[in-house]
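Okay, so here's the structure we're looking at.
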Amino acid sequence: MKVKQIMHSSVEWAEANTPVPTLAKKMSEQDIGCIPVGESDRLIGMVTDRDIAVRAVADGRNISNLTARDVMTKGIAYCRETDDVAKAVHTMEMRKIRRLPVLNESKRMTGILSLGDVAQATQKVTAHAMKVLSGHHS
């Protein structure tokens, strides 16, 4: 199975100068745990809810003065649309992350692959296999 088949494709990114409160509100409204950060049409980082909690709140910083650049995780791991899901999961495992930006051949972000996407796809494949393989017992 390819990443493109199970990723979330309706993904937006924030500019590096986006205020942290704006990011947190967007996360809350959209029920998401991360927002990719872009600059000059390139992915430069990710802000997760944990980044906000650890790099802003726990440090006692004034959140209203912080931007995505101040709290984002740099050095982004990513996968390609055409990668096998197993390869993407291996990257998640090695980097100990739950979400991967998905890039196309032009290195443009086209989606996000989450651990939840992988679990849901695996459930569907297993359910289909059980139905097909158990069909002769009906």
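Judged as a salt bridge (Lys or Arg N to Asp or Glu O under 4.0 Å), and not counting sequence neighbours, Glu15 has no contacts. Residues passing the side chain to side chain contact (heavy atoms under 4.5 Å, CB included) test with Val89, sequence neighbours excluded: Val85, Val118. Taking Arg108 as the reference, Asp41 meet the salt bridge (Lys or Arg N to Asp or Glu O under 4.0 Å) condition, with sequence neighbours excluded. Partners of His8 under the side chain to side chain donor-acceptor pair (under 3.5 Å) rule, at least two apart in sequence or in another chain, are Asp117. For Ser64, the side chain to side chain donor-acceptor pair (under 3.5 Å) criterion is met by Asn62, not counting sequence neighbours. Taking Val54 as the reference, Arg50 meet the side chain to side chain contact (heavy atoms under 4.5 Å, CB included) condition, with sequence neighbours excluded.
Between Ile6 and Gln120, the closest side-chain pair of non-hydrogen atoms is not below 4.5 Å. Considering only heavy atoms from C-beta on, Val102 comes within 4.5 Å of Cys79 through its side chain. Using a 4.5 Å heavy-atom cutoff, the side chains of Leu100 and Ile97 are in contact.
Listed by first and then second residue, the salt bridge (Lys or Arg N to Asp or Glu O under 4.0 Å) pairs that reach into residues 67-78 are Glu39-Arg69, sequence neighbours excluded. Note on residues 81-107: pairs passing salt bridge (Lys or Arg N to Asp or Glu O under 4.0 Å), not counting sequence neighbours, are Lys2-Asp84, Asp83-Lys87. Pairs engaging residues 21-34 under the side-chain hydrogen bond (donor to acceptor under 3.5 Å, both in side chains) rule: Glu12-Lys26 [sequence neighbours left out]. The stretch residues 54-67 participates, sequence neighbours left out, in these salt bridge (Lys or Arg N to Asp or Glu O under 4.0 Å) pairs: Asp51-Arg55.
Residue Ile52 shares its hydrophobic cluster (ILVMFWY side chains chained together at separations under 4.5 Å) with Val20, Leu23, Met27, Ile32, Ile35, Val37, Ile44, Val47, Val57, Ile63, Leu66, Val71, Met72.
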